[in-house]
There are 2 protein chains.
Amino acid sequence: MPATTRKGAATRQRIIEGAAAHIREHGVAATTLDDVLARTSTSKSQLFHYFPGGREELLLAVARFEADRVLEDQQPQLGDLTSWPAWQLWRDKVVDRYRRQGRLCPLNGVMSHLGNGTPGAQAVVTELMNRWQAELAAGVRHMQGAGEIDPALDPDRTAAALLAGIQGGVLIQMSTGHTTHLEAALDLTLAHLRTPTPSTTSPSTAPTPA
Amino acid sequence: MPATTRKGAATRQRIIEGAAAHIREHGVAATTLDDVLARTSTSKSQLFHYFPGGREELLLAVARFEADRVLEDQQPQLGDLTSWPAWQLWRDKVVDRYRRQGRLCPLNGVMSHLGNGTPGAQAVVTELMNRWQAELAAGVRHMQGAGEIDPALDPDRTAAALLAGIQGGVLIQMSTGHTTHLEAALDLTLAHLRTPTPSTTSPSTAPTPA
DNA sequence: GCTAAAATGGACCCGCAAGTCCAATCTGAG
DNA sequence: CTCAGATTGGACTTGCGGGTCCATTTTAGC
């Protein structure tokens with residue numbers, strides 16, 4: 001990716017952000033290279049200069065860009081899950097962020113349009129999920145240290161469940177337009193964390209840790 | 001959709017299933033109309049005869065087809081959530097189904113390729129989610145009737161959270177290839193259902209029912 | 001200021017895949 | 001048997017959009 005000059009780097013960035021913006025407004029399918037060029041006042045040669053891989057490489061760059069935003073938008077709350085009110089603040093921020101975003105999930109859109117099997121795409125999503133889950137798990141551990149969460153709970157597994165709930169909630173919101181499911185998932189999982197102790201009462205089948 | 005003759009209806013169905021199969025194997029983007037024609041031994045005029053809306057209408061039909069499969073594949077367990085072992089059986093079936101399916105989620109693929117905003121697409125997904133959630137809620141209510149689940153829990157909201165966890169788990173699996181998150185979400189939510197009573201201990205911020 | 005490398009403009013190419021058209025053949029009701 | 005409508009075959013058109021190329025201008029180190 002030849003971006004040696006300051007000017008060049010700026011142009012490259014402008015293309016990425018322009019593409020991201022256009023995708024947010026019209027979706028991936030309805031975003032052609034020419035659209036991006038027109039919007040960013042650049043020429044085709046520039047685009048292919050900075051993204052030799054063409055459309056695919058550009059989409060990947062956009063995916064990275066959007067993935068970073070996802071976590072940034074949850075800060076500073078996500079990094080400070082140290083009390084129940086703090087968790088609640090974070091919860092509200094997540095709901096608000098996705099409610100505002102509306103039906104278009106740029107990241108999911110981009111991902112499915114370049115195939116989830118693509119190594120590059122896979123790397124972007126995997127890293128996002130790992131970082132996200134790690135922050136949540138850190139929060140859980142902190143609360144365990146403070147004696148607010150049952151120490152018997154596996155922080156990583158709990159964080160994984162929470163993360164899955166968020167993803168699913170957002171996914172459903174993309175179709176229905178409502179954040180009901182997202183909120184339900186968040187609230188139920190948080191309620192479970194607050195629950196003092198499972199106190200092994202029902203001798204039913206225990207969840208096998210796979 | 002002119003499918004007046006028995007023969008015609010058969011052809012129409014053959015096209016749908018052929019398209020669905022090809023999409024399952026190669027993804028939506030890599031599925032052209034000619035691919036479908038070759039696979040189903042049909043001609044272009046037939047495809048446009050039965051699907052005047054062209055590619056889009058065909059994809060929508062495939063979406064409907066796949067949506068039906070989703071619930072069918074969970075039966076009969078999904079319709080019989082009447083004991084903890086039964087819930088466990090269903091849980092295992094879901095995990096197994098998606099593990100088998102692998103990285104390709106035909107439905108999600110189709111959906112994002114015709115835009116989640118499309119009225120038709122939206123209808124398909126919404127109906128699927130509604131039916132799914134209704135079955136889960138029915139299961140919760142049954143268990144409440146049997147005194148196995150805290151009657152204070154809102155069955156629909158609980159089902160919504162469970163559904164979100166599943167969707168997110170599957171979504172993550174599409175990128176990572178692992179069912180870890182799906183299992184974590186299912187197990188945590190089911191564990192929460194088994195928990196006797198929240199027994200209002202922590203006076204922290206209560207989840208606002210929106 | 002000189003020059004090599006970087007950056008830019010934009011015309012051009014080209015293949016693919018969606019969609020059109022008409023002519024030929026089959027189906028089934030009366 | 002007959003005929004209208006349903007079904008089928010497949011050649012043809014078309015436009016879009018990704019990608020290539022080269023000529024020109026700008027940058028920045030010396």
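Throughout, a chain's letter reflects where its sequence line sits, starting with A, and its residues are numbered from 1.
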List the atom pairs, donor and acceptor, that lie under 3.5 Å between side-chain atoms in residues 74-82 of chain B and the rest of the protein, sequence neighbours left out.
unit_1	atom_1	unit_2	atom_2	d
B/Gln74	OE1	B/Trp90	NE1	2.9
B/Gln74	OE1	B/Trp132	NE1	3.4
B/Gln74	NE2	B/Val70	O	3.3
B/Gln75	OE1	B/Gly79	N	3.0
B/Gln75	NE2	B/Glu135	OE2	3.1
B/Gln77	OE1	B/Lys93	NZ	3.0
B/Asp80	OD1	B/Thr82	OG1	3.4

Would you please say whether a donor-acceptor pair under 3.5 Å links the side chains of B/Arg99 and B/Thr179?
yes
Within the side chain of B/Gln133, is there an N or O that forms a donor-acceptor pair under 3.5 Å with the backbone of B/Asp156?
yes
If you look only at pairs with a residue in residues 104-113 of chain B, which of them pass as a side-chain hydrogen bond (donor to acceptor under 3.5 Å, both in side chains), with sequence neighbours excluded?
A/Ser112-B/Ser112
For the CZ atom of A/Arg12 and the CD1 atom of A/Ile16, what is their distance to the nearest 0.5 Å?
4.5 Å
Kindly say if B/Tyr50 contacts the phosphate of D/dT8, meaning a side-chain N or O under 4.0 Å from OP1 or OP2.
yes
Toward the 5' end of DNA chain D, which comes first, A/Gly54 or A/Lys7, by nearest nucleotide?
A/Gly54
Check this for me: does any side-chain nitrogen of one of A/Asp68 and A/Arg64 sit under 4.0 Å from a carboxylate oxygen of the other?
no
Respond yes when some side-chain nitrogen or oxygen of B/Thr5 is under 4.0 Å from OP1 or OP2 of C/dT27, and no when none is.
no
Would you indicate, yes or no, if D/dT8 has its OP1 or OP2 atom less than 4.0 angstrom from a side-chain nitrogen or oxygen of B/Thr11?
yes
A/Asp92 (side chain) donor-acceptor with A/Leu89 (main chain) under 3.5 angstrom:
no
Heavy atom of residues 18-40 of chain A under 4.0 Å from DNA chain C: which residues?
none
If I take atom NE2 in residue A/His49 and atom C1' in nucleotide D/dC21, what distance separates them, rounded to the nearest angstrom?
14 Å
Table please: side-chain donor-acceptor pairs of residues 159-176 of chain A below 3.5 Å, with sequence neighbours left out.
unit_1	atom_1	unit_2	atom_2	d
A/Gln173	NE2	A/Tyr98	O	2.9
A/Thr176	OG1	A/Ile172	O	3.1
A/Thr176	OG1	A/His178	N	3.1

For the backbone of B/Gly8 and the side chain of B/Thr5, can you confirm whether one donor and one acceptor N or O come within less than 3.5 Å of each other?
no
Dump every N/O contact between nucleotides 10-12 of chain D and the protein below 3.5 Å, one line per pair.
unit_1	atom_1	unit_2	atom_2	d
D/dG10	O6	B/Ser45	N	3.3

Write down the distance between CD (A/Glu56) and C1' (D/dG18), rounded to a whole number of angstrom.
12 Å
Under-4.0 Å salt bridge between A/Asp187 and A/Arg194
no
Has the side chain of B/Gln144 got a donor or acceptor atom that lies under 3.5 Å from a matching backbone atom of B/Leu153?
yes
The helix from C/dG1-D/dC30 to C/dG30-D/dC1: angle between terminal helix axes, five bp per end, to the nearest 10 degrees, reads 30°
